[in-house]
Q: 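Handing you this structure, nothing more for now.
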Amino acid sequence: MDVDAGHGAALGRALPATPLARRLRSFLSFQGNDDDPVTTLTRTHRAVHPTADAAVLRRSYAVAENMHRGQFRKSGDPYITHPLAVAQICAELGMDTTTLVAALLHDTVEDTAYTLETLHGDFGPEVSHLVDGVTKFDKAFYGKAAEGETIRKMIVAAGKDVRVLVIKLADRLHNMRTLGARSPASRARIATATLDVLVPLCDRLGIQALKRDLDDVVLYHLEPDSYARIDEHVKNRPGWHEYLADVTAKARTALRRSRVDAEVTPRPRHYYSIWKDTVAGGHAVPFDLPRIAVVVDGPETDCYAALGAIHGQWRPVAGRFKDFIATPKNNLYRSLHTTVTGPEGRLVEVLIRTVSMHQCAEYGVATGYRFPKSDMASPGQDQLTWLKRVLDWQEEATDASQFLASLRCDLSEAQITVFAKGRMVELPSGSTPVDLAYELHPDKGDQTLAATINGRLAPLSSELRDGDVVEIFSENEGQVPAAPGAQKGPRKEWLEFVKSTQAQMQIKRHFSEENAPGISIQDKVRLGRATIGLTLRKHDRGLASEVPLRRLAEELGYPDLETMLVAVTERNLEPDQVVEQLIALVDHPD
Ligand code: MN
């Protein structure tokens, strides 16, 4: 995200270290001395996209400035400073001109007299889709559901164009930065909401460059004391830079000896990451190991050569090596992680990755916009598989709160990887074979009969663990092992143990279809009559006429026979009970 990081091959290695906050501040003060506020934005944008059209940026800024004129932020700044800052964040991410135009205009439709139709006419369908995607639903009209419906609308819009989410994240980042002017209660509320949905969304989209800044600003508002403590720690580390310079130099030598071409740079942790490790490890003082990044020039295999060189130089710490190249994280993050005993016996963390892995790790879905001529097939597209899955189930969520709850569950960080049908499948932790079945085949999960985990037959409610090898057996599928008590699914009890949104939605849909509205009253009457007929047969009885049935319906207080039969179908009336009374009525008429 460095402003000057826009020059060819050097890009991949421009490890962003400067906090965006500082750059944003210098940008805002710089703006004061300049007659044209769009200059800095254009410069940042052109550094990444040299041939970009600056005229359209000026034009959209002029419209936004004109529409927001007379409006002010809570801080007292003119409102236009906000969309301009949001566009600047998008520019630093390397987004394209269309994104910047939409970012400049993102609040016009919501907060000014500028309509979506005018916007569409002035700037075209892409910009108007992006702006519409981040425009909130009216609270006065939607009431409590407004927040959930707004997030749903944004997700649906992002399904068509993921730039909607990039603008939303940049918008939230700037709003969080300028929360200082709000009351402590509203700061905490906004920070919590950000942590709840937007930070995990950012993580799923793989935009680490943005997530680091969001993480830190959330920490600043929610844990001001911890933030201050870590700030103090980071600013007062005697010998820290000298030590890192020494490690970096020695690592370079080791790599050169092994003939691995690579850039080695210190890779400081962001505040939130230090805080998380400190809390997780129960440390009294901020826990922060020195860290370096090795970005190799060559192919993937060079990462392992580099790992060999590093481990040859310094002894690795057992249990700290992770291969996210062979097994990428669920946001497709790829890297080797190791911890070694470095100079002076101090522990040092090392990240090893290729140039393209590094680009993806930093920019995620934004990679394709930042590096349009990159040789990666369609970088960032794979990250959208997750988004497509959310789009699949969102239609099933009838109300906004249900949608939000499911989204949160889907976004939860804890995931396990299991192996099924020769592939790896990501599931929420605590998932069962039923979750897996619906994940593999949403339309065939209903037919699940049995499952084996690591070769042994296991109850469908078994909690799967990371690395399990699972086989699902369903109807119409060859050899089914005789599972005790196996019956045709789905069963209502499944709802008590399934974890994934996909499984919950499909099972609920199955049961709601079984009742209304697919089945008519006429069908229910017929079904009720058939049920009673079957139950009578169990008692070796039958009915010659409907007269006893009609009398019973009357006795039980139903307005007519049909209503009683519907009650039987809907199980409001037990067929056995009806039949008992019916037999009594026929056998012992008063
Ligand atoms: Mn905004």
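Start at 1 and go down the list; that is how both ligands and their atoms are numbered. Every heavy atom of this structure was used, including side-chain atoms; hydrogens, water molecules and symmetry mates were not.
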Q: Classify the angle between the aromatic ring planes of F324 and Y333 as parallel (below 30°), tilted (30 to 60°) or perpendicular (above 60°).
A: perpendicular
Q: Name whichever N, O or S atom of D171 ends up nearest to the Mn ion (ligand 1).
A: OD1
Q: Identify, by name, the N, O or S atom of H82 lying closest to the Mn ion (ligand 1).
A: NE2
Q: Check the side chains of D96 and H49 for a donor-acceptor pair under 3.5 angstrom, ignoring hydrogens and angles.
A: no
Q: Could you tell me whether the side chains of Y114 and D122 share a donor-acceptor contact shorter than 3.5 Å?
A: yes
Q: Before moving on, can you tell me the angle at the Mn ion (ligand 1) between the OD2 atom of D107 and the NE2 atom of H106, to the nearest 10 degrees?
A: 80°
Q: Heavy atoms, side chains only, cut-off 4.5 Å: are E126 and H120 in contact?
A: no
